[in-house]
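Have a look at the structure below before the remarks.
Worth knowing before you read on, the calculation uses all heavy atoms, side chains too, and leaves out hydrogens, waters and symmetry mates. Per chain, numbering begins at 1; letters A, B, ... match sequence-line order.
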Number of protein chains: 2
Amino acid sequence: METLDTVPDEDFLRLDHQICFSLHAATRAFNGVYREALKELGLTYPQYLAMLVLWEHGELPVKGIGERLRLDSGTLSPLLKRLEAAGYVERRRSPEDERSVTVRPTAEGAALKEKARDVPRRIAAATGLDLADIRDLRERLDALAVRLDSVDPDDLYVCR
Amino acid sequence: METLDTVPDEDFLRLDHQICFSLHAATRAFNGVYREALKELGLTYPQYLAMLVLWEHGELPVKGIGERLRLDSGTLSPLLKRLEAAGYVERRRSPEDERSVTVRPTAEGAALKEKARDVPRRIAAATGLDLADIRDLRERLDALAVRLDSVDPDDLYVCR
DNA sequence: CGCGATTGAGTTGTGCACAACTGAATCGTG
DNA sequence: CACGATTCAGTTGTGCACAACTCAATCGCG
């Protein structure tokens with residue numbers, strides 16, 4: 001049987017070139033399609049993700065957004081500042097905990113949700129996949145991400 | 001039956017949040033694992049991809065690398081300059097076509113291939129997937145990327 | 001041959017991702 | 001209460017992705 005241990009290194013260098021490369025390419029392809037679909041809203045794809053969680057939760061601290069999107073403050077702070085400059089969110093120091101900053105959509109930001117309503121459907125149609133395929137792929141990717149996020153760095157050096 | 005047209009918008013806003021978000025998250029998780037695995041080689045993941053195609057082809061014009069990695073000169077030029085500064089590749093204007101720049105691994109760059117030999121296997125082990133799963137996932141992602149890359153921007157505005 | 005169109009690499013500017021850090025607020029334990 | 005540890009947001013610096021552009025070399029058609 002063909003397993004991880006019976007394939008020659010040379011083949012692996014190619015396979016490898018393909019698995020995560022495919023992931024990389026698919027992500028970038030998605031970005032391209034979103035860039036196009038979001039152009040009229042004046043949002044980038046990561047900004048759109050941030051607005052999605054804010055539309056769903058109403059208001060969140062920066063940390064809460066970061067947990068949901070798995071992004072740290074180094075990425076979020078400037079991103080949220082741009083959303084604030086665009087007039088879509090407002091940021092306020094939390095009164096209960098002065099370390100925390102609460103982010104919430106402005107009226108304009110909330111209105112944007114309506115304009116964004118049909119974006120997902122258009123994207124889904126562009127993938128050419130049906131709901132079951134999308135769901136299946138999503139589950140595999142989530143499992144993969146969880147697994148990769150929990151890899152102990154040391155294990156990368158002792159290949160079993 | 002449940003299809004793209006029978007699911008309410010609200011559900012879609014969540015599903016959407018999940019499919020491409022999952023892809024995004026998986027890509028970043030992979031990047032993290034590669035970052036760790038490539039640290040000792042002094043390469044970033046995109047630099048590693050560039051070295052992979054150069055190891056395979058010996059030498060290529062910038063354009064050739066770009067076609068294989070689907071990256072344009074705006075991304076590759078600085079990346080290759082950094083690889084040159086690191087001593088891993090050399091760039092030379094092609095004599096036959098002075099517009100073209102030929103990139104090839106230096107001796108040091110070629111030697112790096114040996115040090116990189118077991119990276120793919122370690123990454124594959126970290127995914128926890130077997131060969132068949134990897135292959136299947138890769139095929140789906142490739143098909144998805146091809147489909148997304150060929151989307152006509154206008155189709156994004158008329159949902160079917 | 002000559003000249004406009006195309007091609008290839010590079011530059012500039014914007015935005016994201018992340019590591020490493022700062023500084024202030026808060027927490028927890030003695 | 002006090003003080004060291006932790007938490008949170010933000011900043012800085014590096015690198016990637018991509019759009020829009022420049023400029024030189026080459027192509028191809030009249």
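The nucleotide whose nearest atom lies closest to any side-chain atom of B:T75 is, among C:dC18, C:dA17, D:dA17, D:dA17. Proximity note for B:R93 (side chain, C-beta onward) versus D:dT26, D:dA19, C:dA9: the nearest is C:dA9. The nucleotide whose nearest atom lies closest to any side-chain atom of B:R99 is, among C:dT7, D:dT7, D:dG10, C:dT7. Which of D:dA17, D:dA25, C:dG10 sits closest to the side chain of B:V62 comes down to C:dG10. Distance from the side chain of A:T44 is smallest to C:dG15 among D:dA17, C:dG15, C:dA25. Across C:dA17, D:dA9, D:dT26, the shortest atom-to-atom separation from the side chain of A:V101 is found for D:dA9.
Mapping A:L79 and A:E98 onto DNA chain C via the closest heavy atom, the residue that lands nearer the 5' end is A:L79. For the pair A:T102 and B:G74, nearest-nucleotide mapping onto DNA chain D gives the more 5' position to A:T102. Checking A:R28 against A:S100, the closest nucleotide of DNA chain D that is more toward the 5' end is the one next to A:S100.
Residue B:L71 is classed as a sugar-phosphate contact, given heavy-atom separations below 4.0 Å to backbone atoms only. Residue B:D97 is classed as a sugar-phosphate contact, given heavy-atom separations below 4.0 Å to backbone atoms only. When heavy atoms are screened at a 4.0 angstrom cut-off, B:P78 is found touching no nucleic acid atom at all. Counting non-hydrogen atoms under 4.0 angstrom, B:E96 reaches the backbone sugars and phosphates but no base.
Under 3.5 Å, the side chain of A:S73 and the base of D:dG10 form at least one donor-acceptor pair of N or O atoms.
Annotation: the span from A:T27 atom OG1 to A:Y34 atom OH amounts to 11.5 Å, rounded to 0.5 Å.
Here B:K81 reaches the OP1 or OP2 of C:dT11: one of its side-chain N or O atoms lies under 4.0 Å away. Between A:R91 and D:dG10, a side-chain N or O to OP1/OP2 separation shorter than 4.0 Å is present.
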